[in-house]
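Here is the structure we will look at.
Worth saying up front: this structure is predicted, and the values here are computed from it rather than measured. Chain letters run A, B, ... following the sequence lines, proteins first, then strands; residues in each count from 1.
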2 protein chains.
Amino acid sequence: MSNLKQLAQSLGLSITTVSRALDGYPDVSQATRERVREAAALTGYRPNASARRLRKQRAELVAVTLPSDPGHIGPPHFLDMLSGCAEHLATAGLNLVIAPVPRGESELDMCRRFVDGQRVDAMLLVRTKRRDERVEFLQARGIPFVTNGRTESVLPHPYLDGDGFAGFQAASLRFHADGHRRIAHIAGPQDYYFAHVRCMGWQAAMEESGLSSELCAEGAPTEQGGYLAALELLRHPRRPTAIVCATDEMAIGALRALREIEGGETISIVGHDDLPTGAYTSPPLSTMRMAGENLGRSFATLLLRAIAGEPSEELQELHPIEFVDRESHRRAPPNA
Amino acid sequence: MSNLKQLAQSLGLSITTVSRALDGYPDVSQATRERVREAAALTGYRPNASARRLRKQRAELVAVTLPSDPGHIGPPHFLDMLSGCAEHLATAGLNLVIAPVPRGESELDMCRRFVDGQRVDAMLLVRTKRRDERVEFLQARGIPFVTNGRTESVLPHPYLDGDGFAGFQAASLRFHADGHRRIAHIAGPQDYYFAHVRCMGWQAAMEESGLSSELCAEGAPTEQGGYLAALELLRHPRRPTAIVCATDEMAIGALRALREIEGGETISIVGHDDLPTGAYTSPPLSTMRMAGENLGRSFATLLLRAIAGEPSEELQELHPIEFVDRESHRRAPPNA
DNA sequence: CTTGAACTCCAAAACGTTTTGGTTCATAGT
DNA sequence: ACTATGAACCAAAACGTTTTGGAGTTCAAG
């Protein structure tokens, strides 16, 4: 409703002076500044966002694309993460818009729409693939962005990721140390970076321990996917005594499979993500999670620094994975 | 990068014609229209969002405020809901921005900032209170909005809500029909509309059945809140044989309390929200949820209609509550 | 008395659209 | 031959800021 012109008129000042007074420039006298601020507070004046954005050539917006296929949206923590990110972005005057990708449209189209329309100053990408077309597009366009998860892009780009390799290697070695000798892996789709790297971590541990890495089944990153993959593994003539699952959701599916199979209750299992639900499964699901609190804030910081033009190499955070000790990883004596 | 002027110049047309060609106005010849569209597609031109917004006096944005206190953000479904809402809003050219409320700031301030800065065309409010200052503010300002949950506002406003009264009444009567005679309620903070109305539903059922409604304990809408409330109820000389909980989270806390108390495993319980976790508790938690699929889309539709100026009275959706039959509500013979 | 600096303030331009109110030209009607 | 009618196009204004490049004072120094 109210704009600069009205406010200026009512104060007998020019819009220039009022604008500069509100922004705290030193070429406005103390007295005027206070008078202006008071009037602004009184009338609840705030500069029109679109006008400022147009003039300053900044969108004051960051978009995060949400894959719409269910089960791919990530753990419940995800909203908390977004919330934390948005909260910290807001301190820099940026807002976070969520951009779910409609069925039939690619995430790339989504990016294009935001970027070409100059609707955003930066983008946040989740669920990276090893070769990620969104990353390539944004790199080519020179738009700042941060990914949740690494990629195999040759050009460096800002990311925040957990060290899935180390985490899964450690988890697998832990099983080995507990005496397990047939350790399986339930893998997610290998075009996702996180799924691939977790598989690699398990494989490295197998090699390191001199164990076979034949016990690997890939499935959709869902409860059902985990269930089916587990059934496949359990059909193996020498079935595993322990299973390392790419995600908690898959692990929960695997637990369901174990419940249906004779002797299944003796098989140990571990997941990743620390889903709240995992605390209530039977047995409670041992799992892993990225270390660090308020990851959303970290994302926001990276985004702001990327927007400020810091080089990508300095905007890469690899967080260690920490183990969440519950019960499912020590279900039975491994002397089978 | 590219703007109308450049595009027009390269085509030997005026920016007016180019703009109108892209928008499909009839006062541009078929031939020109196609030529323009082709060139636009080729260069990837899209109108600058800020400029259009300024000119059209629309922000093309809808904000949803997220309470930042953990445990108040709602079930995991919530992100799916937001995602569905954003997806449908996008078909109308609107984007959804998430606006978490920083500690130390009120949700009202948040609204003020968005509204006064003309940053949004409408707002989506969640977790309404019986007397909700955000609602009053937006009503006074004449800004379109939709709430998730009703309020006691005298002026009607658009909302989408579940019929908590009927749901909790039915759940309580179901316990009565099963033979229970000491039916307790674990209530959420009564300034929240949903918590209040659920409590009223339970109370109505108690009256209707000629039972006492003394077995009521209020707690924070968290696992811990439910736990503490349950302990309080269990200290009662004539303890309940069944408990109706305001939320699943509280119900899960109550289950924890029951586990710690002798005979607790005979007490039936039911929650509300259909949290995924509830399927894995022991016993699996019977619960309720709002009927209807893709509620996010419903929110979006309501928002769009509110923006279009439809009267509030026609923008009120009260969805029935459906029962989710698992195990926790029939744990033991109620002949105690 | 002049000069220069310091302090306030402001007019005008620019950001990139959309829309208004035309103009020009050709064609059809009288 | 003159006037309507319609088709195709366009110049200019407007949206509300921020920023640039001064202009007008005042005051101290020379």
Please check if atom CD in A:Glu38 has more than 12 non-hydrogen atoms from other residues, nucleotides or ligands closer than 6.0 Å.
no

To the nearest Å, how far apart are B:Glu60 CD and C:dT17 C1'?
11 Å

Carboxylate-amine/guanidinium contact A:Arg113 A:Glu105, below 4.0 Å
yes

Let me confirm one number: the OH-CG distance from B:Tyr193 to B:Asp161, rounded to the nearest 0.5 Å.
7.5 Å

Going by atom types only, do A:Thr17 and A:Ser14 share a side-chain donor-acceptor pair under 3.5 Å?
yes

Contact class for B:Thr32 (heavy atom, under 4.0 Å): base, sugar-phosphate, or nothing?
sugar-phosphate

To the nearest Å, give me how far apart CG (B:Leu54) and P (D:dA13) are.
17 Å

Other residues, nucleotides, ligands: >12 heavy atoms within 6.0 Å of B:Arg37 CZ:
yes

Output the rounded distance in Å from CG (A:Leu11) to P (C:dC10).
10 Å

Please report the shortest heavy-atom distance between B:Thr128 and B:Asn148, naming the atom on each side.
OG1-O, 3.8 Å

Could you state the atom-to-atom distance from CZ of A:Arg53 to P of C:dT17 in whole Å?
17 Å

Please give, in whole Å, the distance from D:dA8 P to B:Glu34 CD?
13 Å

Check the surroundings of atom CD in B:Glu293: do more than 12 heavy atoms from other residues, nucleotides or ligands lie under 6.0 Å from it?
no

Nucleotide D:dA14, atom C1' - distance to CG of A:Asn48 in whole Å:
13 Å

Contact state string [nucleotides 18-28 of chain D, B base, S sugar-phosphate only, - no protein heavy atom under 4.0 Å]:
BBB--------

End-to-end axis angle, where each axis spans five pairs of the helix from C:dC1-D:dG30 to C:dT30-D:dA1, to 10°:
60°

Quick one: A:Leu13 CG to C:dA11 P, roughly how many Å, whole number?
11 Å

Atom CG of A:Asn3 to atom P of D:dA14: distance rounded to whole Å?
14 Å

Pairing donors with acceptors under 3.5 angstrom, does anything connect the side chains of B:Ser29 and B:Thr32?
yes

Want to settle it: does B:Arg33 or B:Gln57 sit nearer the 5' end of DNA chain D, counting the closest nucleotide to each?
B:Arg33

Greater than 12 external heavy atoms within 6.0 Å of B:Arg46's CZ:
yes

Nearest-nucleotide 5' precedence on DNA chain D, A:Ser50 against B:Gly12:
B:Gly12

Kindly say if A:Thr17 contacts the phosphate of C:dC9, meaning a side-chain N or O under 4.0 Å from OP1 or OP2.
no

